[in-house]
Amino acid sequence: MDSSDVNTGGTPTQGVPPQPQPQPQQPLIPAQRGAEPSGADAQGAPTASEERVWRAGRLEPMPIRPLPKAPPSIHILGPTVFLVALGVGMGESYMWPRLVLIFGPEIRWLFLIGVSLQAVVMLEMSRYAMATGESIFFGAARVFKPLMWFFFITAILVYIWPGHLSAGASALERVTGIPWQASAVTGMLLVGVVFTLAKVIYSLLENVLSICIGVLVVGTSVVAALVGNLADLSSTITGMFAFGYLPEEAVSPIWFPILVGSIAFAGPSGMQQMWYTLHLRDKGAGMGAHIPRIRGLRHADDQESMPSRGFMFDTENPDEMAKWKGWRRWVTFDALVLFWGITMLVTISFTVLAQASARLDPGVTTVIRDGERDAALDAMAGSFAAAGSPIFGTVFFCFIALIGLNATLGLFDSFSRGQADMTYFFVPGAKRFSISKLYGFFLWGLIAFGIGILLFGPADGPAAILDVLAFLSTFAMGAYCVVLLLVNNLTLPKPIRPGLIPNAIIGFAAVFYLGMLFYSLFAFGVVVS
Amino acid sequence: MTAPVSAPHSRTSSIAWYAEVALPGVAVGAVAGLFAAGVAALAGLPAALALTIAASLGGPLALFGGAYCVLLATGRFRVGTVAPVALYWMVCFPLARLIEEFAAAQVLGNRTVLGEPLWSFLVFQAMLSVGFAIGFLWLHERLAPHWLMRIRPRNPVAADLAERYLEHMNTMVRRRPSAAAARRRSST
């Protein structure tokens, strides 16, 4: 694979003897040296006959276009809302508070590592997407097409099951009495109709999720402030820095797989980080500004025609590089302040709640220690309720229901977005449908299958393959770290490739996720729980 | 930045304009109080206590939320920035909680208001206020622009603040003419 071959008019320059070239008006990206720059204007804009391109892999080269100016780095609303909506889930609200009750707040150092790794992954995922306007799936295909098909199939196997709905809908049933199947099916249909009628799905979803996340963050803060105290909060925070603490029980066959799952699910898990690249594109971040946005089915015909590949900017132009640095600052604020900060805040609030209940009733840990996931949810809420006031149990279920709603909206959109993207660009003949129509097809397919399964089958998928799905979900995280290293280091121009430290962290993340997964598998015969 | 309203309008109309601009912040504060009260009611706590939480927590939070909007309108805060808002709520949130604790103690007939030392209570509330501040800002930034655009024809304070939001959004907007033109040229 040659990632540095740039030519004009899409004609490969490999093997062509260097020709004397006129000095271009603007500096070109490194591999453009020696290529014919005519046909490009001073801004790198193409003409009808020839245009400057960046060639990455064997797929269609990317034309050079101007990079839009970056917005101010300090902002509050952006594509992070999707990662927060997907990332603040069962791990933050249930799994980690449970681990704290059983092993003490010192176990939270592993959560700190998990979320911090995810923040770096998020930054590196954004690099390729913002530089090209292509998703990371497209980037993977530029490296090696089967890599992309692996994620296409994994997404279907892991995310087609509506199991993520059941926890939220069950929690709603506890609070309101509405049967969970009814609320889950109604919720799915509602999501389908709303997304179908939306003019631009991204904008609608960013609004809805922002309101939900806002209420969740405000609500958890207020309730934790009502029931917790300084000692709960202090131990929760100081526990994050007890590096190396790992009680013997935590590496037992019962708890180690749970610990692995909890670390993997600290923040966005599975393929959620990959889908984030599509949300960045629809937000118009970096070169995503050159790509049309996905519309609801009702407005699918209004969509501008989708280019068959992304674009690259002129990385040897200092002005363009200054804009690029602005975009990096913008996304760094997203990753560190909004994603890392909010995920941390929500999980701290939940852990304070859990610690408050344990302080009032030390028997809580015994009840929680024994439960299966669903039983443990009940046990946790029940024990919260028993610990001084019924408020704990209700609060817990209210928040789980809200988290379930966020996850449903986020997952349905992300899955459909990811599959539509891969189908549009890589399934022969798919381009005769617009990407908005393909999005609608995957969305309604997911809803129809989900309703069928909820009414007639096991929500989490067949029990026999549950372990395979859990394995695949965590394996995807290690795999996308490897893919990220390949894509960023092979397909991007040198000036915007990641440095040594980000590469080392992503490499560590790959070893971390895959190492723990396989250790769990081979040492205990159990994948993540 | 100076206060936007310097024309010789009556004091009453000026207060009314600021009050109108304050509504999104008031709403978010009130929602936070109602959320706590609603959870308390669902959990089966006495109605009197739930109402007390709604009034004594929601009331001050609404008031402080509204005051934030006024400070924003007068240029004391910049649109969309996080740190100043976090500092603001670091003072206001503990104060609101203190009022709520006092009111709840009165309703329950407790002689002691706090179960822990005052400094410990205030530090704890101040630390959690960071989460509240981000949630508040997150919700406010969703509600305020729509509201301001609606009332700006009749409210000069809102018009000025809406203008600042528009400037802010212009820097965030993704579809620039050059990008759109380039896309049209290159579409397949």
Side-chain angles (χ1 to χ4, degrees), chain A residues 43 45-46 63 65-66 68-69 71-72 74-77 175 207 210-211 213-226 228-230 233 237 283-285 288-292 304-308 311 337-338 341-342 345-346 348-349 352 385 389-395 398 431, chain B residues 28 31-33 35-36 38-40 42-45 53 57 61 78 80-83 85 93-94 97 100 115-117 119-121 123-125 127-143 168 171-176 178-188:
Chain A
Q43 301 300 316
R65 293 285 182 276
K69 196 177 165 200
I74 307 298
H75 62 283
I76 190 72
L77 302 169
V175 177
N207 274 316
S210 291
I211 298 284
I213 295 287
V215 170
L216 181 71
V217 174
V218 164
T220 47
S221 303
V222 167
V223 175
L226 283 169
N229 66 22
L230 186 61
L233 184 58
I237 292 173
K283 183 69 180 175
H290 295 279
I291 311 286
E304 301 163 68
S305 34
M306 178 67 89
S308 54
F311 301 90
V337 178
L338 297 184
I342 289 175
L345 282 167
V346 172
I348 283 173
S349 296
V352 165
S389 155
I391 200 166
F392 287 100
T394 308
V395 165
C398 283
K431 282 196 177 72
Chain B
V28 178
V31 162
F35 187 91
V39 167
L42 278 171
L45 294 188
I53 292 173
L57 185 62
L61 288 177
R78 279 178 58 209
T81 50
V82 180
V85 183
F93 186 75
R97 278 282 294 121
E100 188 271 330
E116 58 184 323
W119 70 268
S120 164
F121 174 84
V123 168
F124 174 63
Q125 301 300 328
M127 289 168 86
L128 280 182
S129 73
V130 179
F132 180 84
I134 289 186
F136 172 87
L137 194 57
W138 202 305
L139 288 172
H140 180 269
E141 297 298 285
R142 281 289 157 200
L143 300 177
H168 180 68
T171 57
M172 305 281 287
V173 77
R174 67 189 297 276
R175 292 290 191 259
R176 286 174 172 71
S178 57
R183 195 172 50 249
R184 274 194 295 276
R185 279 197 301 272
S186 62
S187 60
T188 53

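A, B, ... follow the sequence lines: proteins, then strands. Residue 1 opens every chain. Computation of the quantities below employed the complete heavy-atom set of this structure, encompassing side-chain atoms and omitting hydrogens, waters and symmetry-equivalent molecules.
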### Message
Just verifying a value: how many Å separate A/I211 CD1 and B/L143 CG, rounded to the nearest 0.5 Å?
### Response
5.0 Å
### Which atoms of B/F121 approach chain A - backbone, side chain, both or neither, heavy atom under 4.5 Å
neither
### Task
Search all heavy atoms of A/V217 against all heavy atoms of B/G131 and return the closest pair with its distance.
CG1-O, 3.1 Å
### Task
Evaluate the criterion side-chain contact (heavy atoms from CB on, under 4.5 Å) for residue pair B/V31 and A/V218; output intermediate values, then yes/no.
CA-CA 9 Å; B/V31 162; A/V218 164; over 6 Å; no
### Query
So which part of B/F132 gets closer than 4.5 Å to some heavy atom of chain A, the side chain, the backbone, both or neither?
both
### Query
What are the two closest non-hydrogen atoms of B/M127 and A/L230, and how far apart are they?
SD-CD1, 4.0 Å
#### Entry: Considering all heavy atoms, the nearest A/L226-B/A36 contact
CD1-CB, 3.8 Å
### Message
Quick check on the interface: out of A/G214, A/S221, A/G219, A/A225, who has the most heavy-atom pairs with chain B under 4.5 Å?
### Response
A/A225
## Note on the structure
Ranking A/L345, A/V222, A/T220, A/N229 by heavy-atom pairs under 4.5 Å to chain B gives rank one to A/N229
#### Entry: Under 4.5 Å from any heavy atom of chain B - which part of A/V352
side chain
